[in-house]
Asks: 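Input: one structure, supplied below.
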Amino acid sequence: IRWRFRLIAIETLMMAGLVLAAGFALNQPHMMVVRSALIVGAACFASGIILIGLSGATGLLVSAFRRWRTR
C-alpha cells in the first residue's frame, strides 16, 4: 500500500504544481492561483484515496466470491 500512497502523493504534487505554473504563466492573481492549486491538490488526493479504498474493497469482494463459489 506504500507505493500506492506514494504514487498519489506524487500525482497530487504534480497536479498542484501544474496549476501553479499555469496560473503564474497566465499572470492570474496570486491568491487565486494558490487557492486553485490547493483545491486541485486536495481533490486529487481525495480521489486517489477513494480509489485505493475501492480497489481494496473490490479485491476483498472478489476473494469472498471465489471462496463462496468453491464451496
Asks: Can you give me the closest heavy-atom contact between A16 and G41, atom names plus distance?
Replies: CB-CA, 4.4 Å
Asks: I need the minimum non-hydrogen distance between F5 and I52, along with the two atoms involved.
Replies: N-CD1, 4.2 Å
Asks: Does any part of the side chain of M15, heavy atoms only, come nearer than 4.5 Å to the side chain of V19, both counted from C-beta?
Replies: no
Asks: Got a second to check how far L13's CG is from F45's CZ, nearest 0.5 Å?
Replies: 10.0 Å
Asks: Do the side chains of S36 and Q28 get nearer than 4.5 Å, heavy atoms only?
Replies: no
Asks: Examine L20 and I39 and state if one hydrophobic cluster contains both, with Ile, Leu, Val, Met, Phe, Trp and Tyr joined whenever side-chain heavy atoms are less than 4.5 Å apart.
Replies: no
Asks: Hydrophobic side-chain clustering at under 4.5 Å (ILVMFWY, transitive links): who's grouped with I50? Put none if nobody.
Replies: L54
Asks: Would you find more than 12 non-hydrogen atoms of other residues, nucleotides or ligands less than 6.0 Å from M31 atom CE?
Replies: no
Asks: Are F24 and H30 packed together at the side-chain level, in the sense that at least one heavy-atom pair is separated by less than 4.5 angstrom?
Replies: yes
Asks: Drop me the distance from R4's CZ to I8's CD1, to the nearest 0.5 angstrom.
Replies: 9.0 Å
Asks: Once ring-ring contact (aromatic ring centres under 6.0 Å, His included) is applied, do any residues pair with W3, and if so which ones, sequence neighbours excluded?
Replies: none
